[in-house]
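First comes the structure, then the notes that go with it.
Below, each value reflects all heavy atoms present in this structure, side chains not excepted, and no hydrogens, waters or symmetry copies.
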Amino acid sequence: MADTGGASAYGAALAGAGFDFYKFIRQPQTIVRVLSWVFALVVFACITTEGYVNPPSSAQAKCIFNHSDSACQYAVGIGVIAFLACVAFLMLDVYVPFMSNAQDRKYIVMADLGFSGAWTFLWFVCFCVLTSEWSRTLDVIAIPEDAARATIAFSFFSIATWGILTYFALGRFRRGVDDVSIPTYTEPDPEIHTPYPPTYAPTTYTPTTYTYPSNVPESQKQPPFTSNLPPQSDTSYLPPKY
């Protein structure tokens with residue numbers, strides 16, 4: 001699934017769109033998940049069908065890996081859980097594009113990341129245990145060696161496939177975090193004052209003070225304003241003639 005912005009947070013670029021089966025099966029994540037499913041099936045199938053034999057000295061069936069039942073049980077348990085998990089995550093990969101809630105997609109991607117990382121480690125432990133027990137197996141006459149070697153080989157292959165799934169899940173998680181990140185506004189520090197540039201430096205206004213000379217002669221001083229018009233009486237008004 002493409003991981004591009006907007007509704008693409010946590011790998012759901014086509015949220016609300018139709019399901020394209022051919023595009024889905026061609027995705028690297030789908031191919032690797034199917035391979036992990038097949039490898040898990042081979043591991044627990046080899047042990048459950050040919051992983052126990054009856055030694056000459058005992059009537060009870062023993063594990064072909066140095067008669068260590070715990071090694072066989074561990075491999076079967078890891079394989080069965082991985083088999084079921086691959087089916088579940090394949091269904092979630094189909095369902096995620098139809099989810100419009102980015103928070104739900106985030107939880108699915110986090111679950112995929114955590115489970116894939118844990119099973120990468122558990123398959124590594126399984127490979128080490130089976131290899132160690134097989135190297136100490138002395139009597140291999142009645143043991144199906146091909147089944148033992150196939151179990152060890154596909155345990156090793158599972159380490160690689162689950163490691164790749166962890167890498168894909170981590171990439172989806174990081175892209176999803178980047179897509180939903182919103183920059184926050186930071187208040188400026190009130191203690192910092194930016195000086196004005198030289199061309200815009202503020203100027204101080206100084207009012208102009210006017211002084212009048214005091215030695216002007218009295219004859220040149222202007223007298224106060226007086227009206228020279230003769231007084232008009234009410235009798236001087238004449239109505240207009242029409």
**Message:** Do Cys46 and Asp146 make a side-chain contact, defined as non-hydrogen atoms from C-beta onward lying under 4.5 Å apart?
**Reply:** no

**Prompt:** Does the side chain of Ile64 come within less than 4.5 Å of Thr137's, by heavy atoms?
**Reply:**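 Thr137 vs Ile64: side chains apart.
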
Kindly compute the distance separating [atom1] ([X]) from [atom2] ([Y]), expressed to the nearest 0.5 Å.
| X | Y | atom1 | atom2 | value |
| --- | --- | --- | --- | --- |
| Cys72 | Lys62 | SG | NZ | 11.0 Å |
| Trp123 | Phe39 | CH2 | CZ | 10.5 Å |
| Ile152 | Thr131 | CD1 | OG1 | 4.5 Å |
| Cys128 | Phe124 | SG | CZ | 3.5 Å |
| Cys86 | Ile81 | SG | CD1 | 12.0 Å |
| Gln73 | Ile78 | CD | CD1 | 12.5 Å |

Heavy-atom pair with the smallest gap, counting every atom of [X] and [Y]:
| X | Y | result |
| --- | --- | --- |
| Ala40 | Gly79 | CB-O, 3.4 Å |
| Tyr52 | Ile47 | CD1-O, 3.8 Å |
| Ile159 | Thr120 | O-CG2, 3.8 Å |
| Arg26 | Ile31 | O-CD1, 3.9 Å |
| Leu130 | Ala71 | CD2-O, 4.0 Å |
| Arg172 | Val109 | NH2-CG2, 3.8 Å |

Does the [X] side chain pair with the main chain of [Y], one donor and one acceptor, at a distance under 3.5 Å?
| X | Y | answer |
| --- | --- | --- |
| Arg33 | Leu165 | no |
| Asn101 | Gln103 | yes |
| Ser155 | Phe127 | no |

**Item:** With Glu133 via salt bridge (Lys or Arg N to Asp or Glu O under 4.0 Å) - residues at least two apart
**Value:**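 Applying salt bridge (Lys or Arg N to Asp or Glu O under 4.0 Å) to Glu133 gives Arg136.
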
**Asked** Just wondering, are more than 12 heavy atoms of other shown residues or ligands nearer than 6.0 Å to OH in Tyr167?
**Response**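 Count not over threshold, so no.
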
**Message:** Taking CD1 in Ile25 as the centre, count heavy atoms belonging to other residues, nucleotides or ligands within less than 6.0 Å. Is the count above 12?
**Reply:** yes

**Message:** If we check side-chain contact (heavy atoms from CB on, under 4.5 Å) with Gln29, which of these qualifies: Leu90, Ile164, Val34, Asp112?
**Reply:**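 Running side-chain contact (heavy atoms from CB on, under 4.5 Å) over Leu90, Ile164, Val34, Asp112 with Gln29 returns exactly one hit, Asp112.
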
**Prompt:** Can you find a side-chain donor-acceptor pair between Thr166 and Ser116 that sits under 3.5 Å?
**Reply:** no

Determine whether [X] and [Y] fall in the same hydrophobic cluster, where Ile, Leu, Val, Met, Phe, Trp and Tyr are linked whenever their side-chain heavy atoms lie under 4.5 Å apart.
| X | Y | result |
| --- | --- | --- |
| Leu138 | Val129 | no |
| Ile141 | Ile143 | no |
| Leu84 | Met91 | yes |

**Message:** Assess the residue pair Phe121 and Val125 against the criterion (side-chain contact (heavy atoms from CB on, under 4.5 Å)); give the C-alpha distance rounded to whole Å, side-chain angles, the decisive distance to 0.1 Å, and a yes or no.
**Reply:** CA-CA 6 Å; Phe121 173 75; Val125 174; 3.8 Å; yes

**Request:** Give me the ring orientation class for Phe89 and Phe115: parallel if the planes are under 30° apart, tilted from 30 to 60°, perpendicular past 60°.
**Result:** tilted

**Parallel, tilted or perpendicular: ring planes of Phe65 versus Trp134, cut at 30 and 60 degrees** = perpendicular

**Request:** Dump the intermediate steps for side-chain hydrogen bond (donor to acceptor under 3.5 Å, both in side chains) on Gln60 and Asn54, then the final yes or no.
**Result:** CA-CA 6 Å; Gln60 186 179 3; Asn54 293 94; over 6 Å; no

**Request:** For this output row, return yes or no: ring centroids of Phe154 and Phe157 closer than 6.0 angstrom.
**Result:**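 Distance test on ring centres: under 6.0 Å, yes.
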
